[in-house]
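Worksheet: the structure to be examined is printed underneath.
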Amino acid sequence: MQGLDWNDLRVVLAAARTGSFAGAARRLGVNESTVARRIAQAERRLGVRIFERNLGVLQATQAGNAVVGGAERVEREVQDVTAAVGDADRQVAGSVRLTSVPIVVNRLLVPALAQLLPVHPQLQVELIAEPRDLSLYRRDADVALRLARPRRESGALTRRLGRLDYAIYAAQAAAAGSLAWVTYEDGMTDVPQRRWIDAAARRDGRGPARVLVNDAEAILQAVAAGLGKSLLPTAVGEREPGLVRHGPAVVLSRELWLMVHPRLRDLARVRAVVDWLAAVVASWASPAARGV
């Protein structure tokens, strides 16, 4: 970020995260005029517009997105240095950015944060629900929980934490035998759940699925709405009101792999999140099933 210093970048980040000069000013504890002046100064130095207003909300331009992304990387480097200097091997403080697929983040990790945050009041956890594999080396994330053995980023630290079991679920009022399958769209035929459902659909002769989506969270919503039956993680399906399991307790399992950026593994905040993750995954052992 030639021409900008960390003070400029802090203001840009605050504006991007709050969507307004006023929100950025409150977050930083400065005047709104200071925020406006800093952003105008950054735009002059870079020769681009960083933000534009849309219905009164600040939104980053295409160039602004690059600035914000660079600012986030600088922020994380500053945090790492601060943590290293600030006796990070003994204090759990600062931010950890954790990514996994949306259904794991939304349905399993978010509720489990209640076990972690009260123990470490200075810890901040950024949960990134993203179906794509975010890069640890680009610092898109510090820690990742993946549903398959990592094939790329071979320098990252990896560990198999356990497995995510899947079973067939439908809405409680539905007779599963009469329901069509809800599955993943045709661009996701390599997903193990999609392959299993394709084979099951051929066996039961119910014809092609009528609802196809690109995310397991959407599958959950479609099943809950009575639109069909599908595979869901047992750790989700057994806890979801209004759903009932049909057939075997487990029909498919996927490995859960932890990935950690190697430069961060010894930071206390990262160790705390990794230990919490391991405990959370261990708790996903299939509970007593509500099958029929």
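Partners of Glu185 according to the salt bridge (Lys or Arg N to Asp or Glu O under 4.0 Å) rule, which considers only residues two or more places apart in sequence or in another chain, do not exist here. Remark: Arg37 engages no residue in a salt bridge (Lys or Arg N to Asp or Glu O under 4.0 Å) (not counting sequence neighbours). Remark: Arg254 pairs with Gln193 by the side chain to side chain donor-acceptor pair (under 3.5 Å) rule, at least two apart or across chains.
In this structure, the side chains of Asp133 and Arg146 come closer than 4.5 Å at one or more pairs of heavy atoms. Within the 4.5 Å cutoff, side-chain heavy atoms of Ile197 are placed close to those of Ser230. Side-chain contact between Asn7 and Arg38 is present, with heavy atoms from C-beta onward closer than 4.5 Å. Val48 has its side chain out of reach of Thr61: every pair of non-hydrogen atoms, C-beta onward, lies at least 4.5 Å apart. You'll find the side chain of Tyr184 stays beyond 4.5 Å of the side chain of Asn214, heavy atoms only. Inter-residue side-chain proximity for Leu28 and Arg10 is flagged as met; some heavy-atom pair is nearer than 4.5 Å. Counting heavy atoms from C-beta outward, Tyr169 and Thr234 have side chains that approach closer than 4.5 Å. Counting only heavy atoms from C-beta outward, the side chains of Val236 and Ile103 approach each other to under 4.5 Å.
Judged by the 6.0 Å distance and 45° axis criteria, Arg245 is not positioned over the aromatic ring of Tyr166.
A continuous path of Ile, Leu, Val, Met, Phe, Trp and Tyr side chains, each step under 4.5 Å between heavy atoms, connects Leu46 with Val11, placing both in one hydrophobic cluster. Val182 and Val251 fall within the same hydrophobic cluster, where Ile, Leu, Val, Met, Phe, Trp and Tyr residues are linked whenever their side-chain heavy atoms come under 4.5 Å apart, directly or through other members. Note on Val57 and Val67: separate hydrophobic clusters, where clusters join Ile, Leu, Val, Met, Phe, Trp and Tyr whose side-chain heavy atoms are under 4.5 Å apart, directly or indirectly. In the hydrophobic cluster analysis, where Ile, Leu, Val, Met, Phe, Trp and Tyr join through side-chain heavy atoms closer than 4.5 angstrom, Val143 is grouped together with Leu127. Taken together through direct or relayed side-chain contacts under 4.5 Å among Ile, Leu, Val, Met, Phe, Trp and Tyr, Leu220 and Val213 form part of one hydrophobic cluster.
For the residue pair Ala171 and Gly226, the shortest heavy atom distance occurs at CB-CA, 4.1 Å. For Arg49 against Ala63, the heavy-atom pair with the smallest separation is O-CB, 4.3 Å. The minimum heavy-atom distance linking Ala167 with Pro248 is given by the pair CB-O, 3.9 Å. Shown here for Val92 and Ala272, the closest heavy-atom pair between the two residues is CG1-CB, 3.8 Å. Minimum heavy-atom separation, Ile50 to Ala42: CD1-CB, 3.9 Å. Closest non-hydrogen pair, Leu145 versus Leu98, comes out as N-CD1, 4.4 Å.
Between the side chain of Thr34 and the backbone N or O of Val30 there is no donor-acceptor pair closer than 3.5 Å. Side chain of Arg195 to backbone of Asp190: a donor-acceptor contact under 3.5 angstrom is found. In terms of modelled atom types and a separation under 3.5 Å, the side chain of His261 and the main chain of Arg263 share a donor-acceptor contact.
The CH2 atom of Trp196 sits 4.5 Å away from the CH2 atom of Trp181 when rounded to the nearest 0.5 Å. For the atom pair Gln122 CD and Ser95 OG, the distance stands at 13.5 Å (nearest 0.5 Å). Taking CH2 from Trp257 and OG from Ser100, the interatomic distance works out to 15.0 Å, rounded to the nearest 0.5 Å. One finds the CG atom of Leu258 at 5.0 Å from the CG atom of Leu161 (value rounded to the nearest 0.5 Å). We find the CD-CZ distance between Gln124 and Arg269 to be 10.0 Å, quoted to the nearest 0.5 Å. A distance of 11.0 Å separates CZ of Arg73 from CG of Leu9, quoted to the nearest 0.5 Å.
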Give the table of side-chain donor-acceptor pairs shorter than 3.5 Å for residues 105-116, with sequence neighbours excluded, one pair per line with atom names and distance.
unit_1	atom_1	unit_2	atom_2	d
Asn106	ND2	Pro102	O	3.2
Arg107	NE	Glu217	OE1	3.4
Arg107	NE	Glu217	OE2	3.1
Arg107	NH2	Glu217	OE2	2.5

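Remark: Arg17 CZ is packed, more than 12 non-hydrogen atoms of other residues, nucleotides or ligands lying under 6.0 Å away. More than 12 non-hydrogen atoms from other residues, nucleotides or ligands lie less than 6.0 angstrom from CZ of Arg160.
By the 4.0 Å N-to-carboxylate-O rule, Arg163 lies close enough to Asp165 to be salt-bridged with it. Ionic pairing of Arg194 and Asp198 is present here: one or more N-O contacts between side-chain nitrogen and carboxylate oxygen are shorter than 4.0 angstrom.
The side chain to side chain donor-acceptor pair (under 3.5 Å) pairs that include a residue from residues 21-32 number zero, where partners must be two or more places apart or lie in different chains. Listed by first and then second residue, the salt bridge (charged side-chain N to carboxylate O under 4.0 Å, His left out) pairs that reach into residues 111-131 are Arg76-Glu126, Arg97-Glu126, Glu130-Arg132, sequence neighbours excluded.
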Exercise. Taking it one step at a time, do Asp140 and Thr99 satisfy side chain to side chain contact (heavy atoms under 4.5 Å, CB included)?
Worked result: CA-CA 9 Å; Asp140 295 333; Thr99 184; over 6 Å; no
For this session: Dump the intermediate steps for side chain to side chain contact (heavy atoms under 4.5 Å, CB included) on Leu179 and Leu227, then the final yes or no.
Result: CA-CA 8 Å; Leu179 291 174; Leu227 299 179; over 6 Å; no
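Remark: of the listed residues Leu164, Ile168, Leu231, Leu231 is the sole one forming a side-chain contact (heavy atoms from CB on, under 4.5 Å) with Leu252.
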